[in-house]
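Since the structure comes first, as structure tokens, the remarks are kept for the end.
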Amino acid sequence: MDLGFLLHALIPSLNSVYVLVVFFGYLAIAGSILPGKVVPGVTLQDGSRLCYRCNGLLSLLLLVALLGVGAKMDLLSPTVISESGFELLSTTFILSVLVTLVLYAAGCNSQNQGSSLKPHVTGNLIHDWWFGIQLNPQFVGIDLKFFFVRAGMMGWLFINLSVLAKSIQDANLSCSMILYQLFCALYILDYFFYEEYMTSTWDIIAERLGFMLVFGDLVWIPFTFSIQGWWLLGNKVELTTAAVVANCLVFLIGYLVFRGANKQKHVFKKNPKAVIWGKPPRVIGGKLLASGYWGIARHCNYLGDLLLALSFSLPCGISSPVPYFYPIYLLILLMWRERRDEARCAEKYKEVWAEYRRLVPWRILPYFY
Ligand code: NDP
């Protein structure tokens, strides 16, 4: 692809602004009015707790249905995203910059001293804009952090669906494309099915809302996690039956470990006596779970996620490193994140964490790392 073409493709048009306005408008309205389990978040430093309405799955399915009907009635083109990917990318990037500048200004002017809205200003503009000023900023009653991550995960699915529509339209639907689409769709649907688990994750409880998070949610997740789909539109891969079976196994094992580990921790936080794999849990210092997946490695959930990421790329074969962008990025991210979380937990749990480290010496992959 030549540079001139790329630069031209990146210029935002009114069409891409329109797509984003409709998407975010829908999410704001659906998130506010559709029914969903209201889940209390973790207790913040000042003792307060935010509540999250977990109606992401319903919002997603309703939007898929609405878009499906719209496409059937020729009101919209299912390939609109796949045909304007670059300009949607640049428009979303510009939106992220604008939103985070507003967040920066609003955060600096906040007088609120509660944990959610208390401003954390170092005085270094770039640092404060990048990492954010406030923990849980809101807009018209919408928790923006929860909103953006939801938008990013849904955006990923809609890009994939549009890429799928394009490959059907071009009559080059392949087994690789079907596997990639199936694995990602299952992963995203599962994410929304268990959306309440998100309320206790690092991003939600510990990270302030700045450019790093907003860009990560709105641009990075949908546009880079879907590289395999874009790549398959222009490349043919022949998969053997053995490769397909192996690929499905990597997905399945990854899913079991990822979901199993996250579920065990979530259940443990709610009920520290709940049985794990049919036995009473081993608990350290009354606070940390050391059985099930959490007795195998201190971040087994990261291992599951990495296997899943690999399974999304394997359908593309091994002729190019490009489709492996996501697993490689995730490996770097999760190794870095594990170190940060380890430091945080060591400080929070002190000798209890030291005991946990002694009992469970592996960070992510038993006998290796
Ligand atoms: P975790 O869900 O692993 O949460 C870490 C926290 O869990 C710790 O800070 C601690 O918090 C608590 N904890 C850690 N060990 C134990 C234990 N043994 N017993 C009880 N509590 C424990 O981390 P993340 O939020 O980073 O990740 C959540 C999921 O999201 C993971 O599966 C990860 O793979 C995925 N993810 C995916 C990304 C992607 O780009 N695809 C990016 C980032 C994450 P506390 O102080 O509350 O006890």
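Both ligands and their constituent atoms are indexed starting at 1 by order of listing.
Of the protein's non-hydrogen atoms, Y349 OH, 2.3 Å is the one closest to atom 48 (O) of ligand 1. Considering only non-hydrogen protein atoms, atom 37 (C) of ligand 1 sits nearest to D305 OD2, 3.0 Å. Among protein heavy atoms, atom 23 (O) of ligand 1 sits closest to Y302 OH, 3.4 Å. Looking only at protein heavy atoms, the nearest one to atom 11 (O) of ligand 1 is R344 NH1, 3.6 Å. Taking atom 32 (O) of ligand 1 as the reference point, the nearest protein heavy-atom neighbour is N262 ND2, 3.0 Å. Nearest non-hydrogen protein atom to atom 4 (O) of ligand 1 is K265 NZ, 3.3 Å.
Of all the atoms in ligand 1, the ones that sit under 4.0 Å from a non-hydrogen atom of T201 are 25 (O), 28 (C). Set against the non-hydrogen atoms of F258, the atoms of ligand 1 under 4.0 Å away are 32 (O). Within ligand 1, counting atoms from 1 as listed, the ones closer than 4.0 Å to a heavy atom of L330 are 38 (C), 39 (C), 40 (O), 41 (N). Taking every heavy atom of L289 and a limit of under 4.0 angstrom, the matching atoms of ligand 1 come to 17 (C), 18 (N), 19 (N), 20 (C). The ligand atoms of ligand 1 that sit less than 4.0 angstrom from a heavy atom of Y326 are 41 (N).
A parallel orientation is assigned to the rings of F211 and W129, their planes being inclined by less than 30° (bins at 30° and 60°).
At a 3.5 angstrom cut-off on N or O pairs, K348 counts as close to ligand 1.
Between F312 and Y187, a ring centre-to-centre spacing shorter than 6.0 Å is recorded. For W230 and Y180, the ring centers are positioned 6.0 Å apart or more. Aromatic ring centroids of W362 and Y367 lie under 6.0 Å apart. Aromatic pair Y255/F258: centroids not less than 6.0 angstrom apart.
If you look at F225 next to ligand 1, the close heavy atoms, those under 4.0 Å, all belong to the side chain. With a 4.0 Å heavy-atom cut-off, ligand 1 is reached by the side chain of L333 but not by its N, CA, C or O. With a 4.0 Å heavy-atom cut-off, ligand 1 is reached by the backbone of W202 and by its side chain too. Only the side chain of R337 comes within contact range of ligand 1, with a heavy atom under 4.0 Å; no backbone atom does.
No side-chain N or O of S226 forms a donor-acceptor pair with one of N160 less than 3.5 Å apart. Neither side chain, E347 nor W353, offers a donor N or O lying under 3.5 Å from an acceptor on the other. With hydrogens and angles left out, the side-chain atoms of E87 and S16 include a donor and acceptor closer than 3.5 Å. Donor-acceptor pairing under 3.5 Å is recorded for the side chains of D46 and S48.
Nearest residue to atom 5 (C) of ligand 1 from N301, D341, L303 is D341 (criterion: closest heavy atom). By heavy-atom distance, the residue among C300, A261, C345, S291 lying nearest atom 10 (C) of ligand 1 is C345.
Note that CZ of R53 and OG of S59 are 9.5 Å apart. Values are rounded to the nearest 0.5 Å.
Distance screen at 4.0 Å: atom 45 (P) of ligand 1 has a protein heavy-atom neighbour inside the cut-off.
At least one heavy atom of K269 sits closer than 4.0 Å to an atom of ligand 1.
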